[in-house]
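Worksheet: the structure to be examined is printed underneath.
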Number of protein chains: 2
Amino acid sequence: MATPTPQTAPAGGLRARKKQRTRDALIRAALELFTEQGYEATTVDEIAEAVDVSQRTYFRYFANKEDVAFAVQEMVEARFMAELTARPATEAPLTALRSAVMVAWDDIGSAIESVIPVELHMRSYQMIESTPALMAVHLRRSSELEEQIARLIAGREGLDVDADPRPRVLVAAFCGVMRVAGKIWGEGADCSVASIRELTQSYLDHMAPAIDDDWRTHR
Amino acid sequence: MATPTPQTAPAGGLRARKKQRTRDALIRAALELFTEQGYEATTVDEIAEAVDVSQRTYFRYFANKEDVAFAVQEMVEARFMAELTARPATEAPLTALRSAVMVAWDDIGSAIESVIPVELHMRSYQMIESTPALMAVHLRRSSELEEQIARLIAGREGLDVDADPRPRVLVAAFCGVMRVAGKIWGEGADCSVASIRELTQSYLDHMAPAIDDDWRTHR
DNA sequence: TGTCAACTGTCAGTGGCTGACATTAGTGTC
DNA sequence: GACACTAATGTCAGCCACTGACAGTTGACA
């Protein structure tokens with residue numbers, strides 16, 4: 001179960017706070033090691049040692065070696081889903097998705113900072129994109145999120161997600177475009193939140209035109 | 001299975017034929033074990049033992065435990081890419097993609113049969129979709145294929161895939177929709193090639209309408 | 001303060017995967 | 001057919017991810 005209180009909240013008693021501290025330390029240490037010497041070249045023992053806990057303890061916090069790399073990402077996704085849920089039902093589906101992303105990008109930076117430096121998160125993102133094993137997990141996680149989004153969209157529109165293909169189709173197309181934007185961002189030089197926000201906007205603008213039959217008439 | 005193509009070709013010398021036989025046997029044994037007792041519950045030792053080779057030999061044919069599950073899939077993808085390459089450049093991008101898929105589905109069955117029973121491949125597909133570790137690899141492989149397709153489409157249209165976002169955007173949306181179709185097929189009861197072909201067609205038809213702003217005006 | 005439960009460390013063991021080296025078995029040549 | 005050459009395979013040792021079992025430690029709470 002993910003920590004329900006990710007913010008600077010007092011977080012219950014001493015035991016709970018200690019746990020949170022260990023978890024955050026493991027994330028920080030892991031990401032630092034991964035980005036510095038590479039994911040494969042880093043052993044779980046090293047991560048555990050850096051935080052001064054046993055390997056066994058690491059595996060009590062994270063199910064496997066990959067999971068720790070997505071701890072921050074999980075926060076970001078939760079934020080997006082919250083924004084999407086909050087969009088008014090009067091908005092058209094694609095408009096709601098688009099707005100939720102845009103709003104989410106605006107305050108995700110500070111949320112990340114509560115666990116690790118944003119700059120480290122940026123480097124981690126690039127590392128994920130360039131590490132096959134992590135890329136695979138990243139994509140699977142994305143597809144699970146995709147399913148959640150489709151159900152939410154279907155709910156807004158009063159549709160049965162299994163009977164009407166449109167929610168899944170739209171969300172698949174939307175997420176596909178988002179993934180491309182993320183990839184291009186990772187390859188680029190500008191590691192700012194502003195740049196990914198802008199890229200997202202631009203790519204979503206291209207969605208409808210790209211589906212048009214003939215690209216040659218309107219260059 | 002009429003075998004109109006020289007699929008049963010002599011394939012070089014004895015050594016080469018033996019190698020091919022071992023490889024096919026490993027695939028068959030692995031898929032049979034995976035689908036019967038589950039992917040995780042099957043060890044590489046079991047697969048190797050079923051074919052009467054050493055574990056080390058298995059790893060000389062396949063880089064890891066996952067790879068063997070995608071050997072047939074790889075054939076299918078190659079077939080699709082060949083069809084896509086063969087489409088006339090006068091076709092609009094989405095039309096070419098669509099046509100290539102449709103043509104490919106038509107004769108993929110017999111190509112698969114040359115290695116394993118189609119029915120086993122169907123069960124394997126479902127197993128992949130329901131095994132997280134394999135699903136992750138499946139998605140990564142798909143995204144790599146996606147990149148190839150985008151470059152091919154860009155080439156057809158005389159565009160720079162890095163400068164013009166439309167190829168990647170279209171392909172991302174297209175592949176997203178294809179993936180949803182595959183998923184729905186895997187969940188359904190009809191395990192025929194005809195049914196996935198039909199599903200694909202139907203879902204692609206929904207693509208453009210789904211992107212429209214308002215779903216309520218044209219139900 | 002003492003009891004309980006949560007957290008952690010240690011240890012042993014399984015399974016995926018690799019490098020090194022010896023052995024076996026097609027291939028081409030005389 | 002004997003012979004060297006080399007690809008394919010088997011064996012073995014070892015690393016690393018991951019897990020179950022058990023014991024020790026430390027917050028929580030009456």
Side-chain angles (χ1 to χ4, degrees), chain A residues 1-5 10-27 29-31 33-34 37-71 127-128 131-137 140, chain B residues 10-27 29-31 33-34 37-71 128 131-137 140:
Chain A
M1 184 63 199
T3 319
T5 48
L14 174 74
R15 181 175 277 169
R17 264 180 290 131
K18 219 170 174 180
K19 223 176 137 183
Q20 185 65 41
R21 254 191 296 135
T22 304
R23 191 185 141 87
D24 288 355
L26 281 170
I27 296 171
L31 294 183
L33 286 166
F34 288 166
Q37 58 189 29
Y39 175 76
E40 263 105 29
T42 304
T43 66
V44 175
D45 283 299
E46 284 180 281
I47 302 169
E49 197 179 357
V51 184
D52 209 58
V53 296
S54 70
Q55 191 214 48
R56 195 65 184 85
T57 293
Y58 168 92
F59 283 111
R60 289 200 176 98
Y61 280 89
F62 302 97
N64 46 53
K65 187 180 166 184
E66 292 128 29
D67 264 30
V68 70
F70 295 95
M127 177 208 56
I128 289 171
T131 305
L134 292 181
M135 195 55 197
V137 174
R140 191 199 39 181
Chain B
L14 176 78
R15 182 178 277 167
R17 264 180 291 132
K18 219 169 174 181
K19 222 176 140 185
Q20 186 64 42
R21 254 191 295 134
T22 304
R23 191 185 141 87
D24 287 356
L26 281 171
I27 295 171
L31 294 184
L33 286 166
F34 287 168
Q37 57 190 33
Y39 174 76
E40 263 105 30
T42 305
T43 67
V44 174
D45 283 299
E46 283 180 281
I47 301 170
E49 196 179 358
V51 184
D52 209 57
V53 296
S54 69
Q55 190 214 50
R56 194 66 182 84
T57 293
Y58 169 92
F59 283 112
R60 288 201 177 97
Y61 280 89
F62 302 97
N64 46 53
K65 186 180 168 187
E66 293 129 29
D67 263 31
V68 71
F70 296 95
I128 289 171
T131 306
L134 292 181
M135 195 56 197
V137 174
R140 191 199 38 181

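By convention in this document, chain letters (A, B, ...) are assigned in the order of the sequence lines, proteins followed by strands, and residues within each chain are numbered from 1. From a predicted model like this one, the values you see are computed outputs, not experimental measurements.
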Next on the checklist: Tell me whether the side-chain N/O atoms of B:K18 come closer than 4.0 Å to OP1 or OP2 in C:dG26.
Outcome noted: yes

Checklist entry - Taking the side chain of A:K19 as heavy atoms from C-beta outward, which of C:dG16, D:dT26, C:dC7 is closest to it? => result C:dC7

Checklist entry - To the nearest angstrom, how far is A:Y58 atom OH from C:dG9 atom C1'? => result 18 Å

Checklist outcome for this item: Atom CZ of A:R15 and atom P of C:dC7 are separated, to the nearest Å, by 6 Å

Checklist entry - So which nucleotide from C:dG15, D:dA17, C:dT18 ends up closest to the side chain of A:K65? => result D:dA17

Checklist entry - Taking CZ from A:R23 and P from C:dC7, how many angstroms apart are they, rounded to a whole number? => result 13 Å

Item to check | Length of the CZ-C1' vector between B:R60 and C:dT24, whole Å | outcome: 12 Å

Item to check | Spacing of A:L26 atom CG relative to C:dC7 atom C1', expressed in whole Å | outcome: 13 Å

Checklist entry - Closer than 4.0 Å, any side-chain N/O of B:T57 to the OP1 or OP2 of D:dT9? => result no

Checklist entry - What integer distance in Å separates B:N64:CG from D:dA17:P? => result 16 Å

Next on the checklist: If you compare every side-chain N and O of B:Y61 against the phosphate oxygens of D:dA8 (OP1, OP2), does one of them come in below 4.0 Å?
Outcome noted: no

Item to check | Whole-Å gap separating P (C:dT8) and CG (A:D52) | outcome: 12 Å

Checklist entry - How long is the line joining CD of A:Q37 and P of D:dC16, in whole Å? => result 12 Å

Checklist entry - Just by distance, do the side chain of B:Y58 and the backbone of B:A63 share a donor-acceptor pair under 3.5 Å? => result no

Checklist outcome for this item: On DNA chain D, more 5' by nearest nucleotide between B:T22 and A:T42 is B:T22

Checklist entry - Does the side chain of B:F70 reach to within under 4.5 Å of the side chain of B:I128, using non-hydrogen atoms? => result yes

Checklist entry - Looking for any heavy atom pair under 4.0 Å, which part of the strands does A:S54 touch: base, sugar-phosphate only, or nothing? => result base

Next on the checklist: So, under a plain 3.5 Å distance rule, would you say the side chain of B:R17 forms a donor-acceptor pair with the base of C:dG26?
Outcome noted: no

Item to check | Contact check, side chains of A:F34 and A:V68, non-hydrogen atoms, under 4.5 Å | outcome: yes

Checklist entry - Under a 4.5 Å cut-off applied to non-hydrogen side-chain atoms, are A:D24 and A:R21 in contact? => result no

Checklist entry - Rounded to the nearest 0.5 Å, how far apart are OG1 of B:T43 and NZ of B:K65? => result 7.0 Å

Checklist outcome for this item: Assert: residue with more 5' nearest nucleotide on DNA chain C, out of A:R56 and B:Y39, is A:R56

